[in-house]
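Here is the structure we will look at.
Just the heavy atoms: all of them, side chains too, but no hydrogens, waters or symmetry mates, feed the values below.
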Amino acid sequence: MTDKPTAAAREHMHKLAARGLKEPKLLQKEEVIALAQHVAKEHGRASGTEHEIAKKAEHNPEGVTAAEIQALCAHVTGERTAR
């Protein structure tokens, strides 16, 4: 059985993603890593490109571009509409 995040944790992740869509380079290193880890856990839902960006961001959060951060954020915000 997988551990599902609590409602508060999901809400926090969605707020973080919404902020990242608007101001991707203002996110802190830990916030980029949290987004990347969240997307990396989405084995069946995230695309191959999103997985590659997530792996890159986990290992080098300062090395990802604003567009890559926005792609991770778009995936997270898209979860709410997909469910």
Side-chain angles (χ1 to χ4, degrees):
M1 183 179 205
T2 60
D3 294 332
K4 291 185 117 184
T6 63
R10 280 193 308 270
E11 186 65 29
H12 173 70
M13 190 59 60
H14 285 279
K15 285 181 181 179
L16 181 62
R19 197 173 97 225
L21 281 172
K22 294 176 187 165
E23 303 168 331
K25 284 306 207 176
L26 293 182
L27 294 181
Q28 296 178 2
K29 176 181 166 182
E30 294 80 17
E31 293 171 328
V32 173
I33 292 171
L35 285 167
Q37 289 174 341
H38 181 79
V39 172
K41 289 180 186 177
E42 301 265 323
H43 300 292
R45 295 188 187 130
S47 70
T49 304
E50 291 168 337
H51 273 290
E52 290 300 317
I53 294 169
K55 285 177 17 181
K56 178 181 173 183
E58 281 184 283
H59 296 291
N60 184 14
E62 291 97 358
V64 293
T65 65
E68 290 171 329
I69 294 171
Q70 287 176 323
L72 294 176
C73 294
H75 173 80
V76 173
T77 57
E79 290 174 357
R80 181 168 283 168
T81 57
R83 288 184 183 165

Chi angles and distances behind the side-chain contact (heavy atoms from CB on, under 4.5 Å) call for His51, Val39: CA-CA 7 Å; His51 273 290; Val39 172; 5.6 Å; no

Candidate pair Met13 and Arg10, rule side-chain contact (heavy atoms from CB on, under 4.5 Å), full reasoning: CA-CA 5 Å; Met13 190 59 60; Arg10 280 193 308 270; 5.7 Å; no

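- The shortest heavy-atom contact between Ala40 and Glu58 is CB-OE1, 3.8 Å.
- Across every non-hydrogen atom of Cys73 and Gly20, the tightest pair is SG-CA, 3.6 Å.
- Annotation for Lys25: atom NZ counts as buried by contact number, over 12 foreign heavy atoms lying within 6.0 Å.
- Contact between Val76 and His14 at its shortest, heavy atoms only, is O-CE1, 2.9 Å.
- Across all their heavy atoms, Leu72 and Ala57 have their closest contact at CD1-CB, 4.2 Å.
- The line from CG of Leu27 to CG of Leu16 is 5.5 Å long, rounded to the nearest 0.5 Å.
- Using modelled atom types, one side-chain atom of Gln70 and one backbone atom of Leu21 make a donor-acceptor pair closer than 3.5 Å.
- To the nearest 0.5 Å, the span separating NZ on Lys56 from CD1 on Ile53 amounts to 8.0 Å.
- The minimum heavy-atom distance between Pro61 and Lys29, with the atom names listed, is CG-CG, 3.4 Å.
- For the side chain to side chain contact (heavy atoms under 4.5 Å, CB included) test, residues two or more places apart in sequence or in another chain that qualify with Gln28 are Glu30, Glu31.
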